[in-house]
Amino acid sequence: MQFVDEASIIVEAGKGGNGCLSFRREKYVPKGGPDGGDGGHGGSVYLIGDDSLNTLIDFKYQRFYKAENGQGGMGRQMSGKAGEDLHVKVPVGTTVIDEDTLEVIADVTEIGQVVLVAEGGRRGLGNIHFKSSTNRAPRRTTPGTEGDRRNLRLEMKVMADVGLLGMPNAGKSTLIRSVSAAKPKVANYPFTTLVPNLGVVKLGMHEHFVMADVPGLIEGASDGAGLGLRFLKHLTRTRLLFHVVDIAPFDESDPVEAAKAIVRELGQFSPALSERPRWLVLNKFDLLPEEEREARANAVIEALDWQGPVFQISAISSEGTDKLVQAAHRWLTEQQRLENEDEEAFEREQEMRRRMEEEAVARTEARLGHRRKKRDAEDDDDFDDDEYDVDVEYAP
């Protein structure tokens with residue numbers, strides 16, 4: 001299945017039914033009076049979080065979603081049938097943005113979460129509502145109102161606890177294969193990973209966390225180079241980042257410079273994301289002689305001036321990976337406990353998420369603005385009628 005994490009759709013709620021203009025006409029019933037019923041409300045459009053979906057590919061082929069119109073009112077004070085609501089399933093982790101106002105309408109983060117994105121039109125009133133002591137035969141009704149119509153931007157971010165960050169070929173996919181049941185493609189060349197991969201790391205009967213692997217970053221990613229920047233947004237929902245560094249690159253490049261390049265690109269993409277807790281994971285130690293490993297690790301740590309946790313692993317042989325995931329699980333459990341018990345810790349996490357959403361909206365606004373500017377430039381006709389005006393001179 002093709003991985004699609006962005007889509008634009010149009011949603012339109014149903015129109016409310018018109019009120020009915022009717023008078024009671026029955027044999028042997030004089031002065032029947034007005035009996036026009038009300039119309040039915042128009043159907044609304046809702047989005048529902050569904051964990052069975054992991055891509056927005058369905059919205060690539062169907063972009064228009066419309067709820068049912070309300071039925072018009074009828075005589076004998078009969079109301080019209082309300083329009084059927086339309087429920088559209090979206091993957092959990094989808095952010096819904098109004099393309100016209102750039103307002104973030106909702107963040108679908110839970111299974112079964114229901115979000116109203118287009119409200120149905122209100123029903124019209126029949127003439128029975130306008131009867132009075134001075135107007136015994138009203139000919140007044142009201143029409144149903146139009147339903148909301150919106151251009152929406154859907155942006156999906158995978159829901160994971162831990163995100164893998166690093167250069168292409170650093171061993172991120174090998175690591176997620178080693179500690180979970182996920183089986184992303186692994187090969188000895190860069191950009192093997194083309195789309196994000198999720199893996200569930202199980203540590204016991206009821207103990208697990210979700211790990212996300214995204215395409216690797218390269219120098220200049222913030223200017224559009226490579227693939228990683230497009231998918232880096234999937235790490236904004238993670239709580240912890242593993243910065244995977246190839247300690248023995250086959251091209252003999254400098255691991256320190258590679259690590260610094262990742263930090264720079266991360267900061268340019270999202271200052272808030274760069275403040276997330278990040279652990280240094282030095283990978284591919286199996287390629288080094290045992291007597292060189294400690295010295296090589298210390299040199300990298302010292303050159304980076306690294307103050308956080310450091311783990312030395314070999315993802316392909318699973319050496320050191322158990323210690324890594326056990327530590328991550330303990331950290332995640334402790335963070336969850338702190339947020340549940342400490343209001344200040346909870347507020348810090350919410351503020352971090354708000355900042356990242358604001359950055360996401362700013363990126364969306366810049367992208368849409370660039371797209372509109374490009375479209376306007378293409379629509380702009382350079383043909384100038386003045387250049388082809390003909391001056392007519394009349395001879396005397």
Side-chain angles (χ1 to χ4, degrees), residues 160-180 182 184 186-193 197 199 201 203 209 211-219 221 226 228 232 235 238-267 273-332:
D161 303 298
V162 175
L164 302 182
L165 187 68
M167 285 284 190
N169 221 38
K172 302 185 298 299
S173 296
T174 305
L175 175 57
I176 200 172
R177 285 175 67 100
S178 175
V179 300
S180 75
V186 172
N188 192 26
Y189 56 84
F191 296 114
T192 312
T193 302
N197 294 293
V201 182
L203 297 97
F209 63 86
M211 183 180 290
D213 169 31
V214 299
L217 290 178
I218 63 174
E219 186 89 35
L232 198 56
L235 298 183
T238 60
R239 293 173 174 268
L240 177 63
L241 299 175
F242 287 172
H243 187 163
V244 183
V245 176
D246 185 351
I247 198 69
F250 69 90
D251 59 358
E252 299 184 354
S253 58
D254 186 359
V256 174
E257 287 304 315
K260 289 181 177 178
I262 292 296
V263 174
R264 286 194 298 269
E265 298 301 331
L266 185 64
L273 181 60
S274 66
E275 295 176 13
R276 277 292 193 197
R278 185 159 38 93
W279 292 0
L280 185 63
V281 180
L282 303 177
N283 189 26
K284 302 187 182 180
F285 266 88
D286 57 310
L287 300 180
L288 295 175
E290 287 191 17
E291 61 273 13
E292 293 183 18
R293 295 181 180 181
E294 204 61 36
R296 182 75 67 89
N298 290 335
V300 172
I301 294 169
E302 185 177 345
L304 292 174
D305 192 24
W306 189 268
Q307 305 298 324
V310 181
F311 294 85
Q312 302 175 17
I313 70 167
S314 171
I316 197 167
S317 64
S318 298
E319 179 184 346
T321 57
D322 186 61
K323 181 181 177 182
L324 173 64
V325 297
Q326 290 284 356
H329 182 259
R330 287 194 298 271
W331 186 90
L332 291 168

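This structure is a prediction, so every number in the text was calculated from the model and none was measured.
At distances below 3.5 Å, not a single donor-acceptor pair connects side-chain atoms of Arg276 with backbone N or O atoms of Leu241. In this structure, the side chain of Lys284 does not engage the main chain of Val245 through any donor-acceptor pair within 3.5 Å.
Arg296 is not listed as a side-chain neighbour of Leu282, based on a closest heavy-atom distance of 4.5 Å or more. At least one side-chain heavy atom of Pro277 sits under 4.5 Å from a side-chain heavy atom of Trp331. A 4.5 Å side-chain heavy-atom check between Thr238 and Val162 finds every atom pair outside the cut-off. Residues Lys323 and Gln326 have side chains not in contact (no heavy-atom distance under 4.5 Å, counting atoms from C-beta outward). Looking only at side-chain heavy atoms (C-beta outward), Val300 and Val256 come within less than 4.5 Å of each other.
No more than 12 heavy atoms of other residues, nucleotides or ligands sit less than 6.0 Å from atom CD1 of Ile316. Counted within 6.0 Å of CD on Glu291, heavy atoms from surrounding residues, nucleotides or ligands total more than 12; the atom is thus considered enclosed.
Summarising the geometry, atom CD belonging to Glu294 is positioned 7.0 Å from atom CZ belonging to Phe285; distances are rounded to the nearest 0.5 Å. Between atom CG of residue Leu287 and atom OG of residue Ser317 there is a gap of 9.5 Å, rounded to the nearest 0.5 Å. Here OG of Ser180 is found 8.5 Å from CG of Leu175. Values are rounded to the nearest 0.5 Å. Taking CZ of Arg278 as the reference point, atom CG of Leu240 lies at 10.5 Å (rounded to 0.5 Å). To the nearest 0.5 Å, atom CG of residue Leu324 and atom CH2 of residue Trp279 are 7.0 Å apart. Going from atom CZ of Arg177 over to atom NZ of Lys172 covers 14.5 Å, rounded to the nearest 0.5 Å.
Ala160 approaches Ala212 most closely through the heavy-atom pair CB-CB, 3.6 Å. Asp286 and Ser314 get closest at one heavy-atom pair: OD1-OG, 2.8 Å. Of all the heavy atoms in Ala170 and Asp246, the pair that sits closest is CA-CB, 4.1 Å. Counting all heavy atoms, side chain and backbone alike, Ile313 lies closest to Val281 at CD1-CG1, 3.5 Å. Scanning both residues, Ala248 and Leu288, for their nearest heavy atoms gives CB-CD2, 4.0 Å.
The side chain to side chain contact (heavy atoms under 4.5 Å, CB included) with Leu165 is formed by just one residue from the set Leu266, Val263, Asp213, Val244; it is Leu266.
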